[in-house]
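One structure is given below, encoded as structure tokens.
Here the structure is a predicted model, which means the values were calculated and not measured.
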Amino acid sequence: MANPMADDMRRFKATDEKNPFEAMSERFDRAAQLLGLDPDLYAVLRVPSRELKVYIPVKLDSGHIQVFEGYRVQHNFARGPAKGGIRYAPDVTLDEVKALSAWMTWKCAVVNVPFGGAKGGIICDPRQMSESELERLTRRYTAELLDFIGPDKDVPAPDMNTNEQTMAWIMDTYSMHARHTVTAIVTGKPIALGGSLGRREATGRGVLFTVNEAIKRFNLTPAQTSVVVQGSGNVGGIGASLMHEKGYKVVAISDIFGGIYNSNGLNIPDVLDYLKYTKSLEGYKEADYVSNSELLEIECDVLAPCATENQITSENADRIKCKILAEGANGPTTPKADKILHEKGIFVIPDILCNAGGVTVSYFEWVQDRMGYFWREDEVNQRLEEKMVASFVELSDLAELHNVDTRTAAYMLAIDRVAYDTKMRGIYA
Ligand code: NAD
């Protein structure tokens, strides 16, 4: 008899190492197989629930209209409203957004928050657009999605090249159509508009909390731990600052153009101030300027890729010289690289746990908006730490129990939770 699950798995064998959706599917397949996932549940969970493609006309400052292509993929709603960021970049693809939406489902399940997964993206180059063009782009994109988003349906958040201002525009556009203010439609908003204290720092803080747990496995203290961070934005910049503050020795950091390295450690607040004013790390005093690929190969205790996908591949995995890989970015490592890192004995804090601090505090923001009652920053941070540490322990225990790598354990933990809830609800087929 034909085995549809085996056929589907063959279809999803990754052919392109750098296709994020294939990379996600390959990991999903492995975990599903180890869990002995029911073939019906497998068929439902391996694909997104809905993919929307929208064409967004925007009046440019020149007076001409340009039509942009945008996406919103809603991967899963089994555990609650879909949740996920919106990315503005020239190289956004539907496959990337699909993968990111699935990672959101698994991420929310790993940290056990009652959300499904979604992601959005618009193909545009925000660096070439004025503030008012970005505002019109955001408002029209929101208008196109009105029927599909909502506090109980799908709750967007910031991602690469979108920020608190973008969320404020989405919230306002949605509220104008709803005829009343709906703060819980987005998270990552300005504090004054219903945002949560600690949300801006939450992803970087989550990276810190998971790294704190991982170094214990190597009997290291923060002061004995050297850290290399790729990326200096919301995740990398804030993560590096918080680690610096906790006494870690951050020896290298980069932005899209390149990075700086000093084996004695960098003064991260000073580096970030320099970057803010000069818009480049080049020329920073008492540090060597290195390329992003050289930066990844620096010998260190913790390597934290916090920029973008496909940074560690079969081409460079063999030259990675860290003890712990803390994946602040989504999908920085390909499945082929996973195998090499595992053979080298590198301990991976997988992205769907490592960078889950953002969505955890987004959940707290959504709860606070719906209560109309806001928490102190220390309460937010403490609740975040509890969730991140508990999830780290759960995942490490599962990895040991099944004798699998930590990424596979993370997928197993997540898929098991989503599959259980889907089964309890029943498949409306
Ligand atoms: P950001 O735009 O604030 O910063 C991105 C940083 O990476 C910048 O320093 C940029 O110069 C650098 N960068 C971009 N492309 C690069 C490339 N090709 N090579 C090297 N460096 C590059 O974005 P962010 O919010 O910090 O997000 C970074 C990653 O973390 C993304 O993968 C994102 O999906 C993920 N993430 C973000 C959040 C969040 O709350 N912001 C939460 C979870 C995951």
Side-chain angles (χ1 to χ4, degrees), residues 49 72-87 100-101 103-120 138 142 145-159 162-175 177-178 180-206 234-235 352 355-388 390-391 414 417-418 421:
S49 179
R72 184 75 183 167
V73 178
Q74 297 169 330
H75 179 261
N76 192 281
F77 301 93
R79 292 163 52 83
K83 186 85 193 77
I86 295 172
R87 167 176 298 199
L100 288 160
S101 73
W103 281 324
M104 286 307 297
T105 301
W106 312 134
K107 193 181 299 184
C108 292
V110 163
V111 285
N112 214 354
V113 298
F115 286 141
K119 204 81 180 190
T138 304
T142 307
L145 298 183
L146 278 180
D147 291 337
F148 303 98
I149 58 175
D152 292 308
K153 295 181 182 177
D154 177 357
V155 185
D159 192 69
T162 56
N163 54 29
E164 292 175 3
Q165 177 62 78
T166 324
M167 296 306 113
W169 291 328
I170 296 178
M171 195 272 268
D172 184 69
T173 308
Y174 186 88
S175 299
H177 286 268
H180 61 103
T181 298
V182 187
T183 54
I185 173 61
V186 282
T187 59
K189 298 177 290 292
I191 307 284
L193 297 179
S196 175
L197 291 167
R199 171 61 186 90
R200 187 183 299 153
E201 300 81 10
T203 309
R205 197 176 293 281
N234 181 275
V235 185
I352 57 175
N355 68 37
V359 77
T360 302
V361 176
S362 275
Y363 165 56
F364 297 161
E365 180 174 332
W366 180 80
V367 169
Q368 292 171 77
D369 285 338
R370 293 169 73 109
M371 288 197 299
Y373 177 75
F374 291 86
W375 309 343
R376 290 192 318 269
E377 189 167 357
D378 62 311
E379 287 177 289
V380 172
N381 292 344
Q382 190 198 330
R383 287 182 163 126
L384 172 64
E385 183 165 19
E386 280 164 17
K387 269 225 170 282
M388 295 302 292
S391 305
R417 283 190 176 141
V418 180
D421 292 350

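- Under the 4.5 Å side-chain criterion, counting only non-hydrogen atoms from C-beta, Arg79 is not in contact with Val113.
- Closest non-hydrogen pair, Arg417 versus Val110, comes out as NH1-O, 3.2 Å.
- Here the side chain of Trp366 pairs a donor or acceptor atom with the backbone of Pro151 at under 3.5 angstrom.
- The shortest side-chain heavy-atom distance between Phe148 and Gln74 falls under the 4.5 Å cut-off.
- Checking side-chain atoms of Thr105 against main-chain N and O of Gly117 turns up a donor-acceptor pair under 3.5 Å.
- The CG atom of Leu100 sits 9.0 Å away from the CE atom of Met104 when rounded to the nearest 0.5 Å.
- With rounding to the nearest 0.5 angstrom, the NE2 atom of His75 is 9.0 Å from the OG atom of Ser49.
- Taking the six-membered ring where tryptophan is involved, the planes of Phe364 and Trp375 are tilted, since the angle between them lies from 30° to 60°.
- Minimum heavy-atom separation, Thr181 to Met171: CG2-SD, 4.2 Å.
- Scanning all heavy atoms of the two residues, the minimum distance from Asn112 to Lys387 falls at O-NZ, 3.4 Å.
- Side-chain atoms of Ile86 and Ile170, non-hydrogen and from C-beta on, do get closer than 4.5 Å to each other.
- Taken from CG in Asp154 to CZ in Phe115, the straight-line distance is 10.0 Å, to the nearest 0.5 Å.
- At distances below 3.5 Å, not a single donor-acceptor pair connects side-chain atoms of Thr142 with backbone N or O atoms of Thr173.
- Closest non-hydrogen pair, Gly206 versus Leu384, comes out as N-CD2, 4.4 Å.
- When all heavy atoms of Ala184 and Val155 are compared, the closest pair comes out as O-CG1, 3.6 Å.
- Arg200 and Asn163 share no side-chain donor-acceptor pair at under 3.5 Å.
- Thr203 and Gly358 make their closest contact through OG1-CA, 3.1 Å (heavy atoms, listed as atom of the first residue, atom of the second, distance).
- Two residues are said to be in side-chain contact when any heavy atoms from C-beta on lie closer than 4.5 Å; Lys153 and Leu145 fail this criterion.
- You'll find the side chain of Met167 reaches within 4.5 Å of the side chain of Pro158, heavy atoms only.
- Remark: Tyr174 OH to Ile185 CD1 distance equals 5.0 Å, nearest 0.5 Å.
- Separating the OH atom in Tyr363 from the CZ atom in Arg383 is a distance of 9.5 Å, to the nearest 0.5 Å.
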Output side-chain donor-acceptor pairs under 3.5 Å for residues 186-198, partner residues at least two apart or in another chain, one line each.
from	atom 1	to	atom 2	distance (Å)
Thr187	OG1	Lys83	NZ	2.8
Thr187	OG1	Ser362	OG	2.8
Lys189	NZ	Thr183	O	3.0
Lys189	NZ	Val186	O	2.6
Lys189	NZ	Glu365	OE2	2.7
Lys189	NZ	Asp369	OD2	2.6
Ser196	OG	Gln368	NE2	3.0

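- Under the 4.5 Å side-chain criterion, counting only non-hydrogen atoms from C-beta, Asn76 is in contact with Val418.
- The CG atom of Asp147 sits 10.5 Å away from the NE2 atom of His177 when rounded to the nearest 0.5 Å.
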